[in-house]
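First up is the structure itself, then whatever we jot down about it.
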Amino acid sequence: MNKIKDSDIKHLGVLARIGIDEAIAKELAPQLMDILDYVSRLQSIDTSGVEITSQVTGLVGIWREDEVKPSLISREELLSNTLETEGGYIKVRKVL
């Protein structure tokens, strides 16, 4: 496999929007080469006789039906423990 250049690692940093300076690029180069070598070895393994696996537990239909159950506390008690309420609901800051 070709040697990874520091410029390649810096370019990956730009694509990932993380800053990679010269010292970090030199440190990451051998680590990245090891990862790519390992992936290359994995790709050379013959998997033609291996069945495709999408689920390994064998569990089917393990979900239960939704059930409405009584709450542990009343709505008024719940709302009394909040900082702000509005129209019978808990008021929270906008999340954008």
Side-chain angles (χ1 to χ4, degrees):
M1 180 159 283
N2 295 336
K3 185 175 184 324
I4 296 176
K5 297 179 234 159
D6 292 349
S7 61
D8 296 331
I9 293 176
K10 287 182 183 178
H11 181 67
L12 287 174
V14 170
L15 294 175
R17 296 186 177 177
I18 55 175
I20 296 180
D21 61 18
E22 197 71 33
I24 293 174
K26 289 194 181 307
E27 184 179 330
L28 289 176
Q31 295 175 20
L32 193 53
M33 279 302 301
D34 289 344
I35 292 169
L36 293 175
D37 287 340
Y38 188 73
V39 169
S40 177
R41 283 191 290 162
L42 288 177
Q43 288 176 335
S44 67
I45 296 172
D46 179 23
T47 58
S48 59
V50 178
E51 186 178 336
I52 295 175
T53 306
S54 62
Q55 204 267 40
V56 296
T57 65
L59 297 175
V60 179
I62 61 172
W63 304 106
R64 65 169 174 77
E65 293 296 321
D66 288 338
E67 299 174 22
V68 177
K69 295 183 178 181
S71 177
L72 298 175
I73 61 173
S74 69
R75 182 182 195 96
E76 292 76 26
E77 193 176 357
L78 172 73
L79 292 175
S80 71
N81 289 312
T82 64
L83 295 175
E84 287 188 65
T85 62
E86 186 175 298
Y89 297 97
I90 299 172
K91 187 174 180 180
V92 296
R93 285 193 231 161
K94 293 179 184 176
V95 179
L96 303 175

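Along the sequence shown, the residues carry numbers beginning at 1.
Hydrophobic clustering of Ile, Leu, Val, Met, Phe, Trp and Tyr side chains at less than 4.5 Å, counting indirect connections, keeps Leu28 apart from Ile35. Following chains of ILVMFWY side-chain contacts shorter than 4.5 Å, one can reach Val92 starting from Leu79, so the two form part of one hydrophobic cluster.
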Identify each donor-acceptor pair in which a side-chain atom of residues 5-14 lies under 3.5 Å from a protein atom, sequence neighbours left out, and give them as a table.
unit_1: Asp6; atom_1: OD2; unit_2: Lys26; atom_2: NZ; d: 3.0
unit_1: Asp8; atom_1: OD2; unit_2: Lys5; atom_2: N; d: 3.3
unit_1: Lys10; atom_1: NZ; unit_2: Glu22; atom_2: OE1; d: 2.5

Review item, side-chain donor-acceptor pairs of residues 63-72, under 3.5 Å, at least two apart:
unit_1: Ser71; atom_1: OG; unit_2: Ile73; atom_2: N; d: 3.4
unit_1: Ser71; atom_1: OG; unit_2: Ile73; atom_2: O; d: 3.0

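Looking at Thr85 and Lys91, their side chains never come closer than 4.5 Å, going by heavy atoms from C-beta outward. Using a 4.5 Å heavy-atom cutoff, the side chains of Leu36 and Ile4 are in contact.
When the side-chain hydrogen bond (donor to acceptor under 3.5 Å, both in side chains) test is applied to Glu51, no partner is found at least two apart in sequence or on another chain. Residues satisfying the salt bridge (Lys or Arg N to Asp or Glu O under 4.0 Å) criterion with Glu77, sequence neighbours excluded, are absent altogether. Scored by the side-chain hydrogen bond (donor to acceptor under 3.5 Å, both in side chains) test, Ser74 finds no partners at all (sequence neighbours excluded).
For Glu27, the CD atom sits in a loose shell: 12 or fewer heavy atoms of surrounding residues, nucleotides or ligands are nearer than 6.0 Å. Atom CG of Leu83 is surrounded by 12 or fewer heavy atoms from other residues, nucleotides or ligands within 6.0 Å.
Contact record, Gly58 with Gln55: N-OE1, 2.8 Å, taken as the closest heavy-atom pair.
Other members of the hydrophobic cluster containing Ile45, listed by chain and number, are Tyr38, Leu42; membership follows side-chain contacts under 4.5 Å among ILVMFWY residues, whether direct or relayed.
No side-chain donor-acceptor contact under 3.5 Å links Arg75 to the backbone of Tyr89.
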